[in-house]
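What follows is a single structure, written as structure tokens, with notes after it.
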Amino acid sequence: MPTVSVKRDLLFQALGRTYTNEEFDELCFEFGLELDEITSEKEIISKEQGSVKAAGASDVVLYKIDVPANRYDLLCLEGLVRGLQVFKERIKPPVYKRVMPDGKIQKLIITEETAKIRPFAVAAVLQNIKFTKDRYDSFIELQEKLHQNICRKRALVAIGTHDLDTLSGPFTYTAKRPSDIKFKPLNKTKEYTACELMNIYKTDNHLKQYLHIIENKPLYPVIYDSNGVVLSMPPIINGDHSRITVNTRNVFIECTGTDFTKAKIVLDIIVTMFSEYCEKQFTVEAAEVVFPNGKSYTFPELAYRKEIVRADLINKKVGIRETPENLAKLLTRMYLKSEVIGDGNQIEIEIPPTRADIIHACDIVEDAAIAYGYNNIQMTLPKTYTIANQCSQEDIADKLGVDISATKAVHISNPKTAEFQVARTTLLPGLLKTIAANRKMPLPLKLFEISDIVIKDSNTDVGAKNYRHLCAVYYNKNPGFEIIHGLLDRIMQLLDVPPGEDKAGYVIRASEGPAFFPGRCAEIFAGGQSIGKLGVLHPDVITKFELTMPCSSLEINIEPFL
Amino acid sequence: MADGPVAELLLRRLEASDGGLDSAELAAELGVEHQAVVGAVKSLQALGEVIEAELRSTKRWELTSEGEEIAREGSHEARVFRSIPPEGLAQSELMRLPSGKVGFSKAMSNKWIRVDKSTADGPRVFRVVDSMEDEVQRRLQMVQRGQAEKLGEKERSELRKRKLLAEVTLKTYWVSKGSAFSTSISKQETELSPEMISSGSWRDRPFKPYNFLAQGVLPDSGHLHPLLKVRSQFRQIFLEMGFTEMPTDNFIESSFWNFDALFQPQQHPARDQHDTFFLRDPAEALQLPMDYVQRVKRTHSQGGYGSQGYKYNWKLDEARKNLLRTHTTSASARVLYRLAQKKPFTPAKYFSIDRVFRNETLDATHLAEFHQIEGVVADHGLTLGHLMGVLREFFTKLGITQLRFKPAYNPYTEPSMEVFSYHPGLKKWVEVGNSGVFRPEMLLPMGLPENVSVIAWGLSLERPTMIKYCINNIRELVGHKVNLQMVYNSPLCRLDAKPRPPPTQEAA
């Protein structure tokens, strides 16, 4: 869940009123946000680096607010305020408009070389925007939040924003050999080739996480203006030439990526959020993108989609009885402008470009429920009549007849630790480690575990299967084979399996096993099939687990008895 | 018969006394060690109300062994003075006397003696006065006679500094007659025996009282791990509510069932290497239900069933990737798919409690594996109100009655709600579970009828267990570093029981 950090006073100013922390927490809860932390820059720095470093930092109160992962429209102060104000019916949702420029439309031409690495690009212009320090910071922060979330750390989409007045279109989005790309990147004083940059950024804490996206590719993506000025080398870094500042008036935004849908959503979010500060509020200047096949598209899409949902469907799904008019009002509060149409039971809902998360009627139903207030919904019990069954009594038969000796371990491809490289095939090591961690406990230690192990099995759809095992160990000054043997006898007694060689009985026969002391190991047969082994552990095994006492163990597959 | 002659003597003396006796005085009178009298007092006390004994501690001044020597033989300085004849003594010779060194300097500072360094054969010591009073000896003898109190504070502390005197604390008993006082105490029986029962002798025998403050002998028994105890409580609750247990015996799952079937897009961050353990061997699922896979693919990439879809290039290879399941919802998906194949549709309630795996950063509250508890209800026309109603009943059975619901986002439920309960200890609302209505994009491709809704909720088994058993570090609960003493000591689990109030002053 992304966390957005906003200045409290700035937030209250924009909301047109103040709240106590509790009141604001309550509002968040109702709306599906979470006021995660109340802090300040000073507090954050002093927590991370000590109070000395925090001395000069700002103590302006910051709200850290957790936002649902699909609500990209709430990832900045501007969006949060707009969402809450509409929710509280203090403002009407603004209508976002794409306009054609007075002069020539900005053009971004995609060349076919990009196909192999990052084939999509979209663009737009924010015209006559007025930044302040806070607005500018929020603009940068929103890009960062989008990069971390919907853009999947720039892998799917990367955003570049530029001071249009320093550039001259049309722009070309192409891909070149790294050695052929040379420019002065953001925050550097001289030009580097792409190869040099990739090396420099290996030690850059912020940028190194993105290098893998294009590293080792023959061609790197790059955007030029008509004078050959590099705008950006997505998804890594922008050029220094076109960097935006607080004084920038016209912003050229390009989003490149591997996921066209998400690139369009990201562009829509940025322009809808910040067109608020344009001279013509909530209007965005269009840009034209020409694809390698010659087709040309105009962005941002800023598409408004209409959905029609029946009022009784919403009522039925939520479990409320509201009039269609009321439901339309509730939805409008969720930024979904709605009205009753047709036979009076249908609600037409307009989904704005900011709400890309609405992809199905169920998303609309949820918003109606949120606006109604989850905690106002009458709780009822479903009349679903069922009879409960326990799992362990099911499918006994098909679990019989398994030869566990012919099995293999399942391997993890990205293990976290050396201890966790395979899924366990036996329970014994876990019990021995438990003893090793509890050596201070009085003897004897008698431990058991009944749990699942995993083995490869090509007869299942995924190629592996769980088996329920029972393992027990006895750890004392004497090996206590008779105690472990007695345990087996007792288990069999409880499972109603008599001792004996016949088909229904169980028997143990002298055997060998690398874990066991020679001559002190027996295999257990039940119903004619081997189900496991018991015996005295080999001294080598005991010492390998850093244990010092004799130990006997039993491990059986109990699937046949379930 | 009383235990031993001292106890017997004590009882006789006590009978003769009016009021009581001091154990130390008695020891002195009887000429035995004080410890012997104390032993007698204790054994008589154990008999019940025969005597009463009050512990007293008194401080007393006692001579050290050096002090005793001086009280007997005189102070070092006096001894030096006495050893000097009228014609004087060579200093070197004087120093060889046992009291020489200490006695010389003290006698000098008392101005009893002088040193003449002008004599031919080295310095010689002469008396200055004809006689002297040995104050040190006199004072020590006073202490010996028990008259230490007559000495001034300063005098006592000077003697203590010279390590001649020490203050000792003496613990004595003031013994008086008890309510059942008798001089003829008979030996008490410890336990009832078969012989006593058959002969009836138990009627005439006194029995030694039990010490009810002592610990009993623990029975030889096994101990279940707290997780197992809490788990069986949850199972019980689900079964009481008519939920059928789902088979969850497959830790290994394909990405298809773990993610795609749940309408979780292939670029979702949960499908990252950083969040999920993928398998190297067997790396891919061998079989997938291809008809159903096609419907899932279409829903993801193009939409359908009333959905816009995610509009991306859905890849079968990605769905085939095997992993350690990240939630038991994969098992729920399999069960719901099976339910969808049964015609006509029959309503169902399912639950599971089993292990799941996440590639988490490990800390005191996170492990790479934990247990998930999941409940699912599938029926015609289920509402959000129904979900809340079921949750209320479920949590009431856990002893949690104050609930509220927060809008949330889960990739495969819509609407989604996080469940919060008021924690009286923390005085705030804490999240206790997550819930929602499965998305139509998940249910309809399975083949479930359109008007069937499926509500579901989940929580972890470890968290309530840690709260219930006051465990702060998950590693003490799960895995081989488990503290067996904790397992031995943990009480049985009743989730609906009110937490015990903290002990109050009165109760203590």
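Throughout, a chain's letter reflects where its sequence line sits, starting with A, and its residues are numbered from 1.
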Can you tell me which portion of [X] sits under 4.5 Å from chain A's heavy atoms? Options are side chain, backbone, both or neither.
X        : answer
B:Gln267 : both
B:Leu324 : side chain
B:Trp257 : side chain
B:Phe243 : backbone
B:Tyr350 : neither
B:Phe263 : side chain
B:Ala378 : backbone
B:Val377 : side chain
B:Tyr310 : both
B:Asn483 : both

Quiz prompt | Where A:Met1 and B:Glu418 come nearest, the two heavy atoms and their spacing | solution = CE-OE2, 3.9 Å
Quiz item: For B:Pro415 and A:Glu366, which heavy atoms make the closest approach, and how far apart are they?
Solution: CA-OE2, 3.1 Å
Quiz item: Would B:Asn250 and A:Lys465 count as a side-chain contact (heavy atoms from CB on, under 4.5 Å) if you check the C-alpha gap in whole Å, the side-chain angles of each, and the deciding distance to 0.1 Å?
Solution: CA-CA 6 Å; B:Asn250 54 319; A:Lys465 192 165 168 11; over 6 Å; no
Main-chain N/O of [Y] paired to [X] side chain as donor or acceptor, under 3.5 Å:
X        : Y        : answer
A:Asp461 : B:Leu286 : no
A:Asn414 : B:Thr276 : yes
A:Asn389 : B:Thr244 : no
B:Asp379 : A:Pro382 : no
A:Asn466 : B:Phe251 : yes
B:Ser307 : A:His360 : no
B:Asp281 : A:Val410 : no

Identify which of [options] forms the greatest number of heavy-atom pairs closer than 4.5 Å to chain A.
options                                : answer
B:Pro282, B:Ala348, B:Gly309           : B:Pro282
B:Arg355, B:Glu253, B:Lys481, B:Glu369 : B:Arg355
B:Arg320, B:Met388, B:Met241, B:His225 : B:Met388
B:Lys311, B:Glu284, B:Glu240           : B:Lys311
B:Gln287, B:Lys406, B:Arg392, B:Met417 : B:Lys406
B:Pro269, B:Gly306, B:Ser254, B:Ala408 : B:Pro269

So, do [X] and [Y] sit near enough that their side-chain heavy atoms are less than 4.5 Å apart?
X        : Y        : answer
B:Leu384 : A:Ile320 : no
A:Tyr385 : B:Pro347 : no
B:His386 : A:Met379 : no
A:His411 : B:Leu279 : no

Flag the one option from [options] with the top tally of heavy-atom pairs under 4.5 Å to chain B.
options                                : result
A:Thr384, A:Thr460, A:Thr261           : A:Thr384
A:Lys153, A:Arg305, A:Lys440, A:Lys383 : A:Arg305
A:Ile377, A:Ile358, A:Asn375           : A:Asn375
A:Leu33, A:Ile150, A:Val422            : A:Leu33

From [X] [atom1] over to [Y] [atom2], what is the distance, rounded to the nearest 0.5 angstrom?
X        : Y        : atom1 : atom2 : value
B:Asp354 : A:Ser451 : CG    : OG    : 8.0 Å
A:Asp363 : B:Tyr409 : CG    : OH    : 9.0 Å
A:Cys362 : B:Met442 : SG    : CE    : 12.0 Å

Report which part of [X] has an atom under 4.5 Å of a heavy atom belonging to chain B: side chain, backbone, both, or neither.
X        : result
A:Lys262 : side chain
A:Glu34  : both
A:Asn438 : side chain
A:Leu447 : side chain
A:Thr258 : neither
A:Leu156 : side chain
A:Pro415 : backbone

Quiz item: Within a radius of less than 6.0 Å around CD of A:Gln378, do more than 12 heavy atoms belonging to other residues, nucleotides or ligands occur?
Solution: no
Self-check item: Heavy-atom neighbours of B:Glu450 CD exceed 12 at 6.0 Å
Solution: no
Quiz item: Judged by modelled atom types alone, do B:Ser453 and A:Lys317 share a side-chain donor-acceptor pair under 3.5 Å?
Solution: yes
Quiz item: Are A:Ile364 and B:Glu414 close enough, and set up right, to give a side-chain contact (heavy atoms from CB on, under 4.5 Å), and what steps lead you there?
Solution: CA-CA 9 Å; A:Ile364 295 167; B:Glu414 188 85 10; over 6 Å; no
Self-check item: side-chain contact (heavy atoms from CB on, under 4.5 Å) assessment of B:Gln308 paired with A:Glu307
Solution: CA-CA 11 Å; B:Gln308 300 284 312; A:Glu307 292 277 356; 3.5 Å; yes
Quiz prompt | Residues A:Arg152 and B:Asp272 bridged, charged N to O under 4.0 Å | solution = yes
Exercise. Could you walk me through whether A:Phe260 and B:Tyr312 pass ring-ring contact (aromatic ring centres under 6.0 Å, His included), step by step?
Key: CA-CA 8 Å; A:Phe260 194 31; B:Tyr312 71 98; over 10 Å; no
Quiz item: With sequence neighbours left out, which residue pairs that include part of residues 265-289 of chain B fulfil the ring pair (Phe, Tyr, Trp, His ring centres under 6.0 Å) condition?
Solution: A:Phe420-B:Phe277
Exercise. Begin from the C-alpha positions of A:Lys316 and B:Thr383 and carry the test side-chain contact (heavy atoms from CB on, under 4.5 Å) through to its verdict.
Key: CA-CA 6 Å; A:Lys316 254 174 33 197; B:Thr383 69; 5.6 Å; no
Quiz item: Relative to A:Phe29, does B:Arg404 satisfy both conditions: NZ or CZ under 6.0 angstrom from the six-membered ring centre, and within 45 degrees of the ring's axis?
Solution: yes
